[in-house]
Number of protein chains: 2
Amino acid sequence: MGFRASRYLPLLRWLRDYDRYRLASDANAALLVTIIVIPQSLAFALLAGLPAQAGLYASILPCLAYAVFGTSNTLAVGPVALISLMSAAAVGDVASAGTAGYAVASGVLALLCGIILLAMGLLRLGFLSNFISHPVISGFITASGLLIAASQIKHLLGIEANGESLIELGQSLAMSLPQTHQLTLAIGLPALVFLYLVRRHLAPVLSHFHVSNRLTGILIRMGPVAAVAMGTALVSYLALDERGVAVVGEVPAGLPALALPVSSWALIRELMVPALLISIVTFVESVSLAQTLAARRRERVDPDQELLGLGTANLASAFSGGFAVAGGFSRSIINFDAGARTPAAGAFTALGIGLVTVYFTPWFEHLPVSVLAASIIISVLSLVDLAAIRETWQYSRHDGSALVGTIAITLGFGVIPGIVTGISLSLILYLWRTSRPHSALVGRIRNSESFRNIVRHTVETDPRVMILRVDESLYFANARYLEDRIYTLIMEQPELTDFVLMCPAVNYIDASALESLEAINGRLHDAGIRLHLSDVKGPVMDKLNRSHFLQGLTGEVFMSTYDAWCKLHGNGDNAEPEPAGPKDAEIE
Amino acid sequence: MGFRASRYLPLLRWLRDYDRYRLASDANAALLVTIIVIPQSLAFALLAGLPAQAGLYASILPCLAYAVFGTSNTLAVGPVALISLMSAAAVGDVASAGTAGYAVASGVLALLCGIILLAMGLLRLGFLSNFISHPVISGFITASGLLIAASQIKHLLGIEANGESLIELGQSLAMSLPQTHQLTLAIGLPALVFLYLVRRHLAPVLSHFHVSNRLTGILIRMGPVAAVAMGTALVSYLALDERGVAVVGEVPAGLPALALPVSSWALIRELMVPALLISIVTFVESVSLAQTLAARRRERVDPDQELLGLGTANLASAFSGGFAVAGGFSRSIINFDAGARTPAAGAFTALGIGLVTVYFTPWFEHLPVSVLAASIIISVLSLVDLAAIRETWQYSRHDGSALVGTIAITLGFGVIPGIVTGISLSLILYLWRTSRPHSALVGRIRNSESFRNIVRHTVETDPRVMILRVDESLYFANARYLEDRIYTLIMEQPELTDFVLMCPAVNYIDASALESLEAINGRLHDAGIRLHLSDVKGPVMDKLNRSHFLQGLTGEVFMSTYDAWCKLHGNGDNAEPEPAGPKDAEIE
């Protein structure tokens, strides 16, 4: 019982060794994270189409829940740009922005994500994330970054514009462009430039003054805090909000009320597919981030337990007026750099943000939305990785197509169609590739037991013995392809008496392929050719032994292709002794 | 131009050599087929929910169209039980049986199937059928046979019952059972018994009297004709239709009017997915039947051209008041057994059925529906192959699950969900299998260059050199699995200095797997272990050369595992000379 509890509550493990040193490290990291994530949390709430306080709520209890159930010492959970955008896309289809129904639907979405993640964790389905390829994830993140940046332009310009794809957004922006609010732009644009300079050029300047890398990292990430503080001061002092500059406005003080977001079955049914996709993206992104951070310190994270941590975090968010959350890149990096030692750092962050929510919300009243938008734009542009496109394309056309396809569909049709297309495309390309397997006629490399492609290597061959190496497992999608290939080959070589199928790359033969092999065996028999197999792997042989195939096989199953060669070419029963083979061997 | 025409019009090829001998064979076969398919065509029209004449119409122009565009000399095209059932399931969702809209929707479905098959043929997409595995097809046909038989019980009993799944049908039948019409049953049941006896026991009796096999085959297939004739005579003589026995009723005489089935976009959209599925099943079934028959006579069929033949046949059916058609098993077998030599036999069959439609429809007025139902039941039960379930399960649990899953979903939810689930299931099981590849630690078989699984064979090993053979291509779905496997292995062997990944079964490495290999390389390096590759195939090596991986690789890429062994174990730079290997070799 005790063992089971600690399996599902990693808390019990690290709490035993908790000491003053760890407490100091964790508290220090939490303080920094609290300060840095506040503007981010407010901004991502707006990105998700929700009031600013939802971002704070989504950073309190979820942080605490993850601290109890998560396994990463440094992953910080809360609102994340990509997930906020996906949430907005999903909820936008079922409710109008700004209504109470919209906030409820956002909560229901987080609830569903929580349930799905928990279920995946309890059923140990973490492996499902393996079915999303790196190029698809990379393309999806790049395209989402561009979409998020585009979606914030309206706040910089102080206009209205909406759309789920780049095209819709662009059209909408172009239409409203004449209404640009110049005072808003006059605040947002300098903020954008300031943040860009901090991000790109602060590091070399600081290194010139011998500031440590760690401090530099923290200072760079303080950029948005400084921009927000300056912007708020400016608006407040000049009363710019009375002159039309959009501000966050009054944020209710106090902790969120705990309540289950009320919902109908119809709503749940509509949000189910987006929730599944958001859960998968949440999991893939959070776990790979957690693993990257853990690897740097030789720690380990347990993907299935991470699902429980992320699941409870989303449930906590749903119950406390928040929305879908995940492990955030910049907040986790800060946590890591500032020296967080255990998940307690997350709990302290929750405490910090809770205090802010209770005491400091009046500070956000005059915070200009355009500065938040500028901070989002600068932060998400770091997600855009255009070099990956070229590199991936160069390495593999299939992977490159999956990447480019994901980007195109995400930009053209939005995040939900984008991730669905990406996953489908990579699976289809994989199936397509295995359905047309590479195969090669091989010959013997002299003085060796190796058999290699006759096109690539200088090898011995025998006109009566054809050896085909097929470079794929045999299954329904490629069985007929192989049949056609073999029938074409044997027609080209009339002296043929023996055909050897070399199977070092055949990892299994399914029932459809077995039928094809039987058909090949029959057809070769009719043509006076015996069919042999060589290099058949143990597990494949076990299966063949359970079928009737071997009884009907006209030839033999050889342990190695070399054995087949010796029997059929060198001194085989059916072959007239051919001097070429041995003689060549003597010459060399 | 002439070449292109004969490519798409196989007619031009066989018509050149057409002679009196072929004419006689074809005409003889067509006469038999005409007689035998008439009851079948009427019955399958009822199965598709259409008036009896639709079955005749669907046997005239489609036959002719296939004769022009098809490549099989013996495949006979027309209404088919399985396709009729699928048509009824699809059309039943958008129109009520018996209405004019129902007939139109059936025509539209045939039109869509025709367009899809033609498009697949022109785009040479015949390979798509390879993605349906044999177990899925086999399970689907077995379950459909059972469903069709169950759907005919109501006609035997003279009651009303409907349902797309076995459960719905069973409930519906049970509810109506008390209304059984005894006179109907009194005709249908003897017909059923008669047909069963003919099917099962006529052959041994006839062989006792030394009747030839071919004639026996034809006589067995004449059973339904005899039953229909006797049933019609009985009903007509005793005027049983006036006493409530359901009959085919008045069938309008004359050829069908040619017209495009009028439709709306909404209807087309709703029928699109079923049309796609029906097209795939039509293609898979017809082509495998055509290939089986062609192989017996050493003829060839061209799958892509078959798509054009089947596509035009469906278009012709749509334009002439018919419904979806395919190559039919029993009509093709008769055609084959009766000696059809060229597609002209199909044209003659069309002529024969045309004549029947013009002159003999009054004969069908008193044909009892229960006898048609009995003939359907007996004919489809031959589709049920229960032995395949056991055999497939024995050979492979995966294939067995796909087969059983397809049967269960088809019986439980109907044909459309059944085939969709079957195809998805077999693809998912394939992906699942490749995502957890088999791998084996290998050692050297003494006195050879072969390396085999240390568990299955007696082999030489070296505690400082670990050789892992991975039996699958490396791609996104199994990349992390491999990482975990390697990390676990190296922790078990602390003396390790060199790790060799043996890749004879690795047919490609995608971008995701490449990243994993880079991660493995880095992690092994940190642990003081070098990573080597061996037996890397040419195409894989070409790709690796295009990436940065080889520059960072801590070890080497060996041509063969034996080379790696010689370098790392036998007389490697890093290895102290170990006497075990050579000494053993001397002893043997």
Side-chain angles (χ1 to χ4, degrees), chain A residues 127 129-136 295 298 391-392 394-396 398-400 403 426-427 430-431 433-438 440 448-450 452-453 456 471-473 475-481 504-508 510-512 514-515 519 523 526 535 537-539 543 546-547 559-560 562, chain B residues 127 129-136 295 298 391-392 394-396 398-400 403 426-427 430-431 433-438 440 448-450 452-453 456 471-473 475-481 504-508 510-512 514-515 519 523 526 535 537-539 543 546-547 559-560 562:
Chain A
F127 70 89
S129 65
N130 294 341
F131 287 94
I132 311 187
S133 73
H134 293 208
V136 167
R298 316 248 144 192
E391 273 173 32
T392 307
Q394 236 166 24
Y395 178 69
S396 148
H398 275 207
D399 283 313
L403 194 156
S426 60
L427 291 176
Y430 171 70
L431 290 171
R433 180 161 50 189
T434 59
S435 77
R436 310 177 81 90
H438 179 258
S448 87
E449 300 182 9
S450 288
R452 289 297 192 129
N453 193 337
R456 287 176 180 258
D471 290 352
E472 189 64 67
S473 295
Y475 79 112
F476 55 92
N478 61 27
R480 175 154 333 255
Y481 186 83
V506 174
N507 307 309
Y508 43 81
D510 80 352
S512 308
L514 187 69
E515 282 183 45
R523 184 111 163 221
D526 293 347
D535 282 292
K537 294 196 174 133
K543 278 203 166 183
R546 288 209 298 275
S547 76
M559 178 80 167
S560 73
Y562 181 66
Chain B
F127 70 87
S129 65
N130 294 341
F131 287 94
I132 312 188
S133 73
H134 292 208
V136 167
R298 316 248 144 192
E391 274 173 31
T392 307
Q394 235 166 25
Y395 178 69
S396 149
H398 275 207
D399 283 313
L403 195 155
S426 59
L427 292 176
Y430 171 70
L431 290 171
R433 180 162 48 190
T434 59
S435 77
R436 310 179 82 89
H438 179 259
S448 87
E449 300 181 10
S450 289
R452 289 297 192 127
N453 192 337
R456 287 176 180 258
D471 290 353
E472 190 62 69
S473 295
Y475 79 113
F476 55 91
N478 61 28
R480 175 153 337 252
Y481 185 83
V506 175
N507 307 308
Y508 44 81
D510 80 353
S512 308
L514 188 69
E515 282 183 46
R523 182 109 164 224
D526 292 348
D535 282 290
K537 295 198 173 133
K543 278 204 165 183
R546 288 210 297 275
S547 76
M559 177 80 167
S560 73
Y562 181 66

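Chain letters run A, B, ... following the sequence lines, proteins first and then strands; every chain starts at 1.
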Proximity breakdown for [X] and chain A, heavy-atom pairs closer than 4.5 Å:
X: B:E449; value: both
X: B:T392; value: side chain
X: B:S129; value: neither
X: B:L427; value: both
X: B:F127; value: side chain
X: B:N130; value: both

* Structure fact -> What one should report as the nearest heavy-atom pair of B:A505 and A:P504 is CB-O, 3.7 Å

* **Residue pair A:Y395 / B:D510: nearest heavy atoms and the distance that separates them** => CE2-C, 3.7 Å

* **Student check: side-chain heavy atoms of A:R456 and B:P539 closer than 4.5 Å** => yes

* Asked: Do any N or O atoms from the side chain of A:N507 and from the backbone of B:D471 form a donor-acceptor pair under 3.5 angstrom?
  -> yes

* Asked: Is the backbone of A:Q394 close enough, under 3.5 Å, to the side chain of B:R546 for a donor and an acceptor to pair up by distance?
  -> yes

* Asked: Distance from A:K537 atom NZ to B:H438 atom NE2, nearest 0.5 Å?
  -> 8.5 Å

* Fit a plane to each ring of B:Y430 and A:Y475, take the angle between them on a 0 to 90° scale, and name the class: parallel (under 30°), tilted (30 to 60°) or perpendicular (over 60°). => parallel

* **When A:S426, A:S448, A:S547 are compared by non-hydrogen pairs under 4.5 Å with chain B, the top option** => A:S426

* Structure fact -> With chain B, the option among A:Y508, A:Y562, A:F131, A:Y481 that has the most non-hydrogen atom pairs under 4.5 Å is A:Y508

* To do: Pick whichever of B:R452, B:R523, B:H398, B:E391 has the most heavy-atom pairs under 4.5 Å with chain A.
  => B:R452

